[in-house]
Amino acid sequence: QKSTTLLSPPATLVAIVAWIAALVLAWRLRSTAPAVLGGVLVFLAAHAMESTILPLELYFEHRNYVAALGVVIAVAGLVGAGYVRLGATTAAFRQAMAAAAVLMPLTFAAATFARAMVWGDPQVRMAQALATSPTSPRLRSQLAATVAETGDLAGALEHIEKAASGPAAPPARTLDLWRILSACLAKASLAETMVVETATAAATPRIALTEMVSFEALAQRIEGGQCAWPSAAQAIELGRAMLAHTRQPAAAHEVWRVRYNLARLLASTGDLGAAAALAQQAWADSRWNKGVGVLVFQLHASLGDLAACRATLERLRAHAGPDDLAMNKAIAQFEAFLADPGKAADVPAMESGP
């Protein structure tokens, strides 16, 4: 649970007091057991990124891996200091240390094996997550998508409603996007067709990462003809509204990526001019993301703007490294197209994507 005040949750205050005590103790032991202070500082430094001002999500447990070295260092410092203070060791102490040297790696190996068994099976992973974090919006959105792909729209909507009623309920537009995407995945339509209009009208000043991901999945499925509902026109209006209402800078990842997917949607409806303008802006805002550049070239080629194609190709060449095989393959195809545009019946078909 995310801490919002000192007492919400109460563990916040307990943790702060405990950390102050740990730092005071480590500082007092700096002469006799300097590794304790070093280990504590390593742990805090490793967590400085997601535990301070950067807006990262809180969940991902792999962020503990490097930090855990700080714990090992601190414990080793305590054991070393205790060894020095004890002086001559007893046979029992030496046997205990020898046993620990064997048991600790075995314990870590067993824990790693158990974790691998969970993460190796998506169903087991979901079941464990549901048992430990039943109110997690991220989990509920994943479960909704999984259930929707089986055609069970009602089950998907039930997961979304549980996310909406939880202690960390996402914004209303996020929930609406999940409902719309679930209907698309289930190849069904919602009886409450107003959900698209509600999401479009939501003057939300920020495009959340979850919203960007949901809109991207929706746009790509509509582009591929995989949705019975909503229509491309409805999705286009939704994307335009998201961009119109946000106060984030154009270079924000969520913003330029929504613009890129909106360009793809427009292109799928035949509005190539508007699509090219949006893709060009998304390309510049993304600091010349190569996947977006591929779409820009394709759109200019479809419009017959060879000068724009050449300018796009020049920038793509500048950003492609020798090991970027997919990009170099695309560049070769684009070069062949520009060498004889009349010979090619179609624009070179390359999958684009950030």
Q: Take Leu265 and Asn261 through the side-chain contact (heavy atoms from CB on, under 4.5 Å) test and state the conclusion after the steps.
A: CA-CA 6 Å; Leu265 266 178; Asn261 284 289; over 6 Å; no
Would you name the heavy atoms of [X] and [Y] that are closest together and state the gap between them?
X: Leu190; Y: Leu153; value: CD2-CD2, 3.9 Å
X: Glu216; Y: Arg257; value: OE1-NE, 2.7 Å
X: Arg173; Y: Arg206; value: NH2-O, 3.2 Å
X: Ser182; Y: Ala148; value: O-CB, 3.5 Å
X: Leu299; Y: Ala279; value: CD1-CB, 3.8 Å
X: Asn328; Y: Pro322; value: ND2-O, 3.6 Å

(Q) Tell me whether the NZ or CZ atom of Arg30 lies within the 45° cone about the ring axis of Trp27 and under 6.0 Å from its centre. (A) yes
[X] and [Y] ion-paired at < 4.0 Å:
X: Lys162; Y: Glu158; answer: yes
X: Arg179; Y: Asp176; answer: yes
X: Arg317; Y: Glu335; answer: yes

(Q) Ring-plane angle category for Phe297 and Phe337, please: parallel below 30°, perpendicular beyond 60°, tilted otherwise. (A)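 Rings of Phe297 and Phe337: perpendicular, as their planes differ by over 60°.
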Are any non-hydrogen side-chain atoms of [X] and [Y] less than 4.5 angstrom apart?
X: Met327; Y: Val294; value: yes
X: Pro170; Y: Thr210; value: no
X: Ser286; Y: His253; value: no
X: Thr12; Y: Leu7; value: no
X: Trp229; Y: Ile180; value: yes
X: Pro122; Y: Thr146; value: no
X: Trp283; Y: Gln280; value: yes
X: Ile160; Y: Arg140; value: no

Kindly work out whether a path of hydrophobic side-chain contacts (I/L/V/M/F/W/Y, heavy atoms less than 4.5 Å apart) joins [X] to [Y].
X: Leu157; Y: Leu143; result: no
X: Leu209; Y: Val255; result: yes
X: Val213; Y: Leu262; result: yes
X: Leu243; Y: Ile222; result: yes

(Q) Counting only heavy atoms from other residues, nucleotides and ligands, does the tally under 6.0 Å from CE of Met117 exceed 12? (A)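 Open.
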Ignoring hydrogens and geometry, is there a side-chain-to-backbone donor-acceptor pair from [X] to [Y] under 3.5 Å?
X: Trp178; Y: Ser214; answer: no
X: Gln234; Y: Ser231; answer: yes
X: Ser141; Y: Arg138; answer: yes
X: Ser136; Y: Ser133; answer: no
X: Thr246; Y: Met242; answer: no
X: Arg221; Y: Leu218; answer: no
X: Gln226; Y: Leu185; answer: no
X: Ser165; Y: Glu161; answer: yes
X: Asn64; Y: Ala67; answer: no

Q.
For Leu338 and Leu313: C-alpha separation, side-chain torsions, deciding distance, then whether side-chain contact (heavy atoms from CB on, under 4.5 Å) applies.
A. CA-CA 10 Å; Leu338 287 174; Leu313 181 58; 3.6 Å; yes
Q: Report yes or no: do Gln142 and His159 form a side-chain donor-acceptor pair below 3.5 Å?
A: no
(Q) Between Phe43 and Trp19 (judged by ring centroids, cut-off 6.0 Å), do the two rings come close enough to count as a pair? (A)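 Yes, close enough.
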Q. What do the steps show when you test Thr174 against Glu211 for side chain to side chain donor-acceptor pair (under 3.5 Å), and what is the final call?
A. CA-CA 6 Å; Thr174 300; Glu211 293 179 345; 2.8 Å; yes
